Amino acid sequence: MTPLKNDRFLRALLRQPVDATPVWVMRQAGRYLPEYRAIRSKAGDFMSLCTNPQLACEVTLQPLERFDLDAAILFSDILTIPDAMGLGLYFEEGEGPRFRKPLTTAKDIEQLSVINTEKDLPYVLDAVKLIRRELNGRVPLIGFSGSPWTLATYMIEGRSSRDFVATKRLLYNEPEVLHLLLDKLADSVADYLNAQIAAGAQAVQIFDTWGGVLTPPAYREFSLAYMSKIIAKLNLEAEGRKVPVIVFTKGGGLWLESIAAIGCQGVGLDWAVDIGDARARIGDTVALQGNMDPAVLRTSTETIRAEVKHILGRFGSGSGHVFNLGHGITPDVPPDNVAALVDAVHEISVKYQ
């Protein structure tokens, strides 16, 4: 493989010296970019875009043509695994993801099979290989998956949810059935991430989007334990270097010490966490990723720069920080404001290295 021209993202995750704080943005390839909307229209629908390696590659690279980002992230969706398990993923315009065959009984869960990524999701691996080739060492490529708990909520509810009624009913009434599902998902996610690493992903992130809706004991039992199991199964060395793992639990500020202890190299922070406090709690063991409120990107260049300066100042001197948002970028953000964010991070962070 071509040597990396810019490896500050990987170096920061390993808490090695960098010349400036690296920055990438969750959902950086997305609807806020007019060129993305054009390709989405050409593809016809979201799943057609995800399952076409050439289009997925093109979309992945789009933000790097506009912004001086320090990493690319595979364009895909966290729900590819449930789709490969036969639940029939589709996207309703303006409604988000839905499943044609949600899990409604214990028998549904018993009949699920752990995926074989090479056989069941070849289009994802083809996209990873193509993106790596097209990047040609420009920046590292991030692979990703949803956490077992987060995937389970969609599979049981059949769609996104605010209250997770069916999932929490199962958790409290039939925890052994939920554990069976989570165990199968953990094995599937481990296979999926290992296949992405073998295909060329140079770091991976586990998106635990809905971990924050759990009580502390339930979080440790039904979310954290399965992410720990996944990390223990990963092949975290490729091409002669470490492959870092980032764990991001939205709403997980209560459990940072526990997250940092499961073997990951980076902990993602949402905007409700003070990054200075997080560094004091866990920053001597893992790198931190985050954590600007995405809403700041709807404001002015001056406000964006001020918030970047504040977050960098709260983290303080030294490596171990990957700048990002506290959650995904929203479709209404002007692209010029993303450029202002990236440039501000690189410019202002130099004095902290």
Side-chain angles (χ1 to χ4, degrees), residues 2-14 16 18-37 39 56-76 127-128 130-144 196 200-205 207 243-244 246 248 266 268-269 287-294 296-297 301 304-305 307-309 311-312 315 319-331 333-350 352-353:
T2 307
L4 273 171
K5 302 176 182 73
N6 173 1
D7 68 348
R8 58 166 77 110
F9 166 74
L10 297 178
R11 291 179 65 83
L13 283 175
L14 299 175
Q16 298 171 352
V18 291
D19 59 332
T21 300
V23 55
W24 69 281
V25 177
M26 287 186 276
R27 294 199 200 120
Q28 65 189 25
R31 287 176 291 168
Y32 73 103
L33 292 175
E35 55 267 40
Y36 168 85
R37 296 195 296 271
I39 291 186
C57 175
E58 188 175 345
V59 167
T60 298
L61 298 178
Q62 282 177 343
L64 276 76
E65 299 305 316
R66 275 187 181 257
F67 317 119
D68 186 22
L69 295 158
D70 294 295
I73 183 165
L74 166 69
F75 181 80
S76 187
V128 171
L130 183 57
I131 295 163
R132 272 299 303 273
R133 187 165 72 242
E134 293 300 314
L135 280 172
N136 195 31
R138 184 171 170 184
V139 294
L141 173 62
I142 306 167
F144 70 91
Q196 290 183 44
Q202 292 150 293
V204 293
Q205 176 157 316
F207 284 89
V243 178
I246 305 163
F248 173 64
L269 308 174
L288 302 178
Q289 179 175 277
N291 61 334
M292 194 174 86
D293 184 346
V296 176
L297 287 177
T301 298
I304 292 166
R305 285 184 64 86
E307 188 65 13
V308 167
K309 186 175 181 180
I311 291 169
L312 290 172
F315 181 85
S319 189
H321 182 200
V322 173
F323 202 101
N324 207 314
L325 303 179
H327 200 233
I329 191 170
T330 53
V333 166
D336 286 351
N337 285 2
V338 179
L341 165 69
V342 173
D343 292 346
V345 171
H346 287 155
E347 177 190 330
I348 297 168
S349 67
V350 171
Y352 291 106
Q353 305 307 326

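Owing to the predicted nature of the structure, the values given are computational and were not obtained by experimental measurement.
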Interatomic distance, I131 atom CD1 to L61 atom CG [nearest 0.5 angstrom]: 6.5 Å
Check: D343 and R305 side chains under 4.5 Å, non-hydrogen atoms: no
L297 CG to L341 CG distance, which is reported to the nearest 0.5 Å: 5.5 Å
Heavy-atom closest contact (A127 atom, L74 atom, distance): CB-CD1, 4.1 Å
Straight-line distance of F323 CZ to I311 CD1, nearest 0.5 Å: 4.0 Å
Plane angle bin for F67 and Y32 - parallel if under 30°, tilted between 30 and 60°, otherwise perpendicular: parallel
Distance (rounded to the nearest 0.5 Å) between E58 CD and E134 CD: 10.0 Å
Short side-chain to backbone donor-acceptor contact, E307 and D293, under 3.5 Å: no
Aromatic plane relationship, H321 with F315 - under 30° parallel, 30 to 60° tilted, over 60° perpendicular: parallel
Side chains of Q353 and T21, donor plus acceptor under 3.5 Å: yes
Interatomic distance, D68 atom CG to H346 atom NE2 [nearest 0.5 angstrom]: 5.0 Å
Validation row: P63, L33 side chains within 4.5 angstrom (heavy atoms): yes
Where A72 and Q28 come nearest, the two heavy atoms and their spacing: CA-NE2, 3.7 Å
Student check: side-chain heavy atoms of T330 and V333 closer than 4.5 Å: yes
Side chain proximity check, F9 to I142, heavy atoms < 4.5 angstrom: yes
Side-chain heavy atoms of D7 within contact of Q202, under 4.5 Å: no
Whether Q196 side chain and F144 backbone form a donor-acceptor pair below 3.5 Å: yes
Pairwise side-chain contact, E35 with E65, heavy-atom cut-off 4.5 Å (strictly under): no
Which atom of N324 lies closest to which atom of V25, heavy atoms considered: OD1-CA, 3.4 Å
R37 atom CZ, over 12 foreign heavy atoms within 6.0 Å: yes
Check: N136 main-chain N/O paired with K5 side-chain donor or acceptor under 3.5 Å: yes
Side-chain donor/acceptor of T60 to backbone N/O of F75, under 3.5 Å: yes
Sub-4.5 Å side-chain heavy-atom contact between I73 and Q205: no
Closest contact, heavy atoms only, P22 versus R8: CG-O, 3.6 Å
Non-hydrogen side-chain atoms of F248 and Q289 separated by less than 4.5 Å: no
Closest non-hydrogen atom pair between L325 and G328, with its separation: CD1-C, 4.3 Å
Least distance between heavy atoms, R138 atom then L64 atom: NH2-O, 2.6 Å
